[in-house]
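Taking it in order: structure first as structure tokens, then the write-up.
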Amino acid sequence: MERHHIDVMLDEETVDRRIRELGEEISRDYEGKTVYLICILKGSVYFTCELAKRITVPVVMDFMQCSSYGAATKSSGVVKLSKDLDMAITDQDVIIIEDIIDSGRTLSHLKNLLEQRKPASLRICTLLDKPERRVSDVDVDYVGFQIEDKFVVGYGLDYDQQYRNLPYIGVVEFD
């Protein structure tokens, strides 16, 4: 691993406050309903759990794992689904939970796949959004933070499987 250090981009209090606000917004939008959260593994686990604790309407949680693979540094645009949902989402009010959206390729494919399963509604929530990196058009309904194009870790985001457990969002700076 290259020599590097982590600079704080969004501290723990700022992240916590924004997740609380997103939970309140989702609770208002889904008042009187049950919301079905789909956590996209692995990175979204921390965010999904913290968000679910702050949603006051009934919550059902399920997990999917997919990746856009190809050359090591570049997505091929081909999406591989390695873990599908355990439950049906037909007629459910569904929110896909992501840790970060950059190119949008994987999420665009995933949204199309899930729409074929006929949910009552399908929205997207992300902790971090990098719109300047977008190559696939994806409408994001709930955004924690819009960030510039930097390599970030913490709150589920990793660098070589490390730093997921940081309670803040940090920028990896290479020495």
Side-chain angles (χ1 to χ4, degrees), residues 1-26 37-55 61-83 95-111 113-114 123-175:
M1 197 182 293
E2 298 176 61
R3 287 187 39 81
H4 63 278
H5 64 276
I6 311 292
D7 290 333
V8 176
M9 175 188 270
L10 298 163
D11 65 32
E12 184 175 4
E13 293 76 23
T14 302
V15 174
D16 188 57
R17 181 174 48 252
R18 184 64 186 130
I19 293 172
R20 189 172 50 252
E21 292 167 357
L22 287 169
E24 291 168 359
E25 187 178 347
I26 289 168
L37 302 180
I38 298 177
C39 173
I40 306 304
L41 298 172
K42 297 178 186 172
S44 301
V45 170
Y46 292 84
F47 176 44
T48 302
C49 291
E50 291 301 315
L51 179 63
K53 290 191 306 190
R54 290 159 176 84
I55 295 173
M61 200 180 318
D62 206 344
F63 302 87
M64 288 185 93
Q65 186 169 14
C66 55
S67 59
S68 187
Y69 63 97
T73 58
K74 190 172 182 184
S75 165
S76 67
V78 177
V79 177
K80 177 186 173 192
L81 186 63
S82 50
K83 191 224 175 291
I95 303 176
I96 301 168
I97 310 293
E98 267 288 17
D99 52 355
I100 189 166
I101 301 173
D102 47 36
S103 75
R105 278 191 189 111
T106 302
L107 199 54
S108 178
H109 175 83
L110 191 57
K111 187 173 181 188
L113 174 73
L114 293 174
R123 292 184 175 173
I124 297 170
C125 176
T126 188
L127 179 60
L128 303 174
D129 188 15
K130 288 185 187 179
E132 68 188 72
R133 299 246 321 159
R134 200 80 83 244
V135 295
S136 291
D137 191 31
V138 177
D139 290 326
V140 184
D141 304 280
Y142 304 100
V143 176
F145 302 94
Q146 206 169 84
I147 63 169
E148 55 189 293
D149 186 16
K150 298 207 180 254
F151 190 76
V152 291
V153 295
Y155 236 89
L157 295 147
D158 73 295
Y159 172 51
D160 198 22
Q161 297 301 319
Q162 293 187 27
Y163 306 117
R164 288 188 195 277
N165 61 320
L166 294 177
Y168 58 85
I169 303 298
V171 178
V172 178
E173 299 287 352
F174 295 95
D175 299 330

(message) Within the structure provided, determine whether Leu22 and Arg54 are in side-chain contact (heavy-atom separation under 4.5 Å).
(response) no
(request) Run the numbers on Ile26 and Leu51 for side-chain contact (heavy atoms from CB on, under 4.5 Å), then give the verdict. (result) CA-CA 9 Å; Ile26 289 168; Leu51 179 63; 4.0 Å; yes
(message) Within the structure provided, determine whether Tyr168 and Ile6 are in side-chain contact (heavy-atom separation under 4.5 Å).
(response) yes
(request) Using distance alone, with no hydrogens and no angle criterion, decide if Tyr142 and Arg123 have a side-chain donor and acceptor under 3.5 Å apart. (result) yes
(request) Answer yes if the ring centres of Tyr163 and His4 are under 6.0 angstrom apart, and no otherwise. (result) yes
(message) Do Lys83 and Leu41 make a side-chain contact, defined as non-hydrogen atoms from C-beta onward lying under 4.5 Å apart?
(response) yes
(request) May I have the step-by-step check of side-chain contact (heavy atoms from CB on, under 4.5 Å) for Phe145 and Thr14, ending in yes or no? (result) CA-CA 10 Å; Phe145 302 94; Thr14 302; 3.8 Å; yes
(message) Does atom NZ (Lys42) have a neighbourhood of more than 12 heavy atoms from anything else shown, all under 6.0 Å?
(response) no
(message) In the structure I gave you, are the side-chain heavy atoms of Ile124 and Ile101 within less than 4.5 Å of one another anywhere?
(response) yes
(request) Evaluate the side-chain contact (heavy atoms from CB on, under 4.5 Å) criterion for residues Val15 and Met9: first the C-alpha distance (whole Å), next the side-chain angles of each, then the deciding distance (0.1 Å), finally the verdict. (result) CA-CA 10 Å; Val15 174; Met9 175 188 270; over 6 Å; no
(request) With the side chain counted from C-beta on, respond yes when Asp102 and Leu128 share a heavy-atom pair under 4.5 Å apart, and no when they do not. (result) no
(request) Let me see the working for Ile40 and Thr106 under side-chain contact (heavy atoms from CB on, under 4.5 Å), right down to the final yes or no. (result) CA-CA 11 Å; Ile40 306 304; Thr106 302; over 6 Å; no
(message) If you compare all heavy atoms of Val153 against all heavy atoms of Asp158, which two are closest, and at what distance to 0.1 Å?
(response) CG1-C, 3.8 Å
(message) I need the minimum non-hydrogen distance between Gly43 and Asp99, along with the two atoms involved.
(response) CA-OD2, 3.1 Å
(request) Identify the two heavy atoms, one from Arg134 and one from Gly104, that lie closest to each other, and give their separation to 0.1 Å. (result) CD-CA, 4.1 Å
(message) Please determine whether a side-chain nitrogen of the Lys or Arg among Arg17 and Glu13 lies less than 4.0 Å from a carboxylate oxygen of the Asp or Glu.
(response) no
